[in-house]
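Please read the structure below before turning to the comments.
One is the number of the first residue; the rest follow in order along the sequence.
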Amino acid sequence: HNLAAVKGLCQSAIYLEHGELKFQGGVDETIEAYLGAGELQNVQTFERKINEKLPMQTLSVAVLNRAGEPATRLPHDQPFQVRIHVVVRDTTHMIYPALEILDADLDPVIHSDHFSPSEEEGMRSYKPGNYSFHVQVPAPLLVPGNYRLSVHLVRKKRRNDRIIDQVEHVCPFEIYDNGSTLARYGIRWAGKLALPLDWDCRQD
């Protein structure tokens, strides 16, 4: 599912779904066909098929605007949320959810997880039931452009963590320029993040 690696290593690719060949061609065209598949384009709220075998599973993912409504276009100067619904079927230990925001090239721009080595809360046990995680994304942060989300449920181990459930490249959304100073002066956005830094100018 590492499409960024596929793009970097391959010139051609095939797209399979349940063993059936859906598309074959150049790597960019194949990835575009995969990302354009029906369930990946359920843009406002991605809903997952139930898998009773998983002890913990992501059921849905959504991008919410400042008003708490599902959205696919968000102004660069307003915060938004990512909402993740999870079901726990068996009491779980040492499992935590992780979120990645990916750019148009499917490279991770931001990684965040509900785990901190210095806090026990991130590794707390979850009893059977439904849980909602709301991840707050401040503004300004993301440069105007197109993005997607990936969500992983990770089991913490001594040596290698193991992903027990994953939702990849869903909820495409756009960050648009809402009248920035850059736009007023005709300056193009650059980089990955729009996080402002403090500048101090002094005459020596």
Side-chain angles (χ1 to χ4, degrees), residues 1-10 13 15 23 26-48 58 60-85 97-114 132-152 166-203:
H1 290 278
N2 190 340
L3 298 188
V6 172
K7 291 184 70 171
L9 296 172
C10 306
Y15 164 33
F23 189 89
V27 65
D28 289 337
E29 293 81 6
T30 306
I31 289 176
E32 185 177 347
Y34 168 70
L35 293 177
E39 69 173 11
L40 293 177
Q41 291 304 309
N42 183 4
V43 291
Q44 288 196 330
T45 301
F46 174 80
E47 296 184 354
R48 191 78 177 287
T58 300
S60 70
V61 182
V63 176
L64 308 180
N65 61 21
R66 187 167 62 176
E69 302 166 339
T72 58
R73 297 188 75 243
L74 300 158
H76 82 284
D77 58 352
Q78 293 184 15
F80 65 94
Q81 297 181 40
V82 176
R83 184 185 65 202
I84 304 167
H85 284 156
L99 168 70
E100 285 186 342
I101 300 179
L102 314 171
D103 64 14
D105 294 323
L106 303 178
D107 291 321
V109 177
I110 296 173
H111 175 94
S112 181
D113 51 52
H114 190 249
S132 293
F133 296 92
H134 288 77
V135 184
Q136 311 293 329
V137 182
L141 181 62
L142 296 175
V143 167
N146 296 308
Y147 298 88
R148 287 177 179 267
L149 305 176
S150 289
V151 176
H152 301 150
Q166 58 187 2
V167 174
E168 300 280 4
H169 317 122
V170 298
C171 297
F173 65 96
E174 178 189 1
I175 299 292
Y176 67 89
D177 191 310
N178 195 32
S180 68
T181 303
L182 291 178
R184 290 198 296 273
Y185 282 92
I187 302 174
R188 297 183 60 182
W189 290 87
K192 300 286 188 180
L193 299 177
L195 187 65
L197 303 178
D198 290 330
W199 284 56
D200 181 25
C201 177
R202 302 179 185 180
Q203 186 173 5

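Atom CD of residue Glu100 and atom CG of residue Leu106 lie 11.0 Å apart, to the nearest 0.5 angstrom. Atom-to-atom distance recorded for Thr58:OG1 and Phe46:CZ is 9.5 Å, nearest 0.5 angstrom. Taken to the nearest 0.5 Å, the CG atom of Asp177 stands 9.0 Å off from the CZ atom of Arg184. Between Ile175 atom CD1 and Asp103 atom CG the span is 12.5 Å, to the nearest 0.5 Å. Note that CG of Asn146 and OH of Tyr176 are 14.0 Å apart. Values are rounded to the nearest 0.5 Å. Rounding to the nearest 0.5 Å places NE2 of His85 at 6.0 Å from NE2 of His134.
Side-chain contact between Leu142 and Ile110 is present, with heavy atoms from C-beta onward closer than 4.5 Å. Side chains of Pro97 and His152 form no contact here, defined as non-hydrogen atoms less than 4.5 Å apart. Looking at heavy atoms from C-beta onward, Asn65 lies out of side-chain contact with Gln78 at the 4.5 angstrom threshold. By the 4.5 Å heavy-atom criterion applied to side chains, Leu149 and Ile101 are counted as neighbours. Residues Leu64 and Pro70 meet the side-chain proximity criterion, which asks for heavy atoms closer than 4.5 Å. Proximity of Pro172 to Tyr147: side-chain heavy atoms (C-beta onward) are nowhere separated by under 4.5 Å. Between Ile84 and Val167, the closest side-chain pair of non-hydrogen atoms is not below 4.5 Å.
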Evaluate side-chain contact (heavy atoms from CB on, under 4.5 Å) for His169 paired with Ser150, printing each intermediate quantity in order. CA-CA 5 Å; His169 317 122; Ser150 289; 3.9 Å; yes

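The backbone N or O of Phe173 lies less than 3.5 Å from no partner atom in the side chain of Thr72, so there is not a single donor-acceptor pair. The closest donor-acceptor contact from the side chain of Asp105 to the backbone of Asp107 lies at 3.5 Å or more, if one exists at all.
Under the 3.5 Å distance criterion, with hydrogens and angles disregarded, no donor-acceptor pair is assigned to the side chains of Glu47 and Ser60.
Atom CG of Asp200 sits in a crowded spot, with more than 12 heavy atoms from other residues, nucleotides or ligands closer than 6.0 Å.
Counting all heavy atoms, side chain and backbone alike, His76 lies closest to Ala139 at O-CB, 3.6 Å. For the pair Ala62 and Thr45, the tightest heavy-atom approach, listed with the atom from each and the gap, is CB-OG1, 3.8 Å. Residue Val82 comes nearest to Phe80 through the heavy atom pair CG2-CE1, 4.3 Å, listed as atom of the first residue, atom of the second, then distance.
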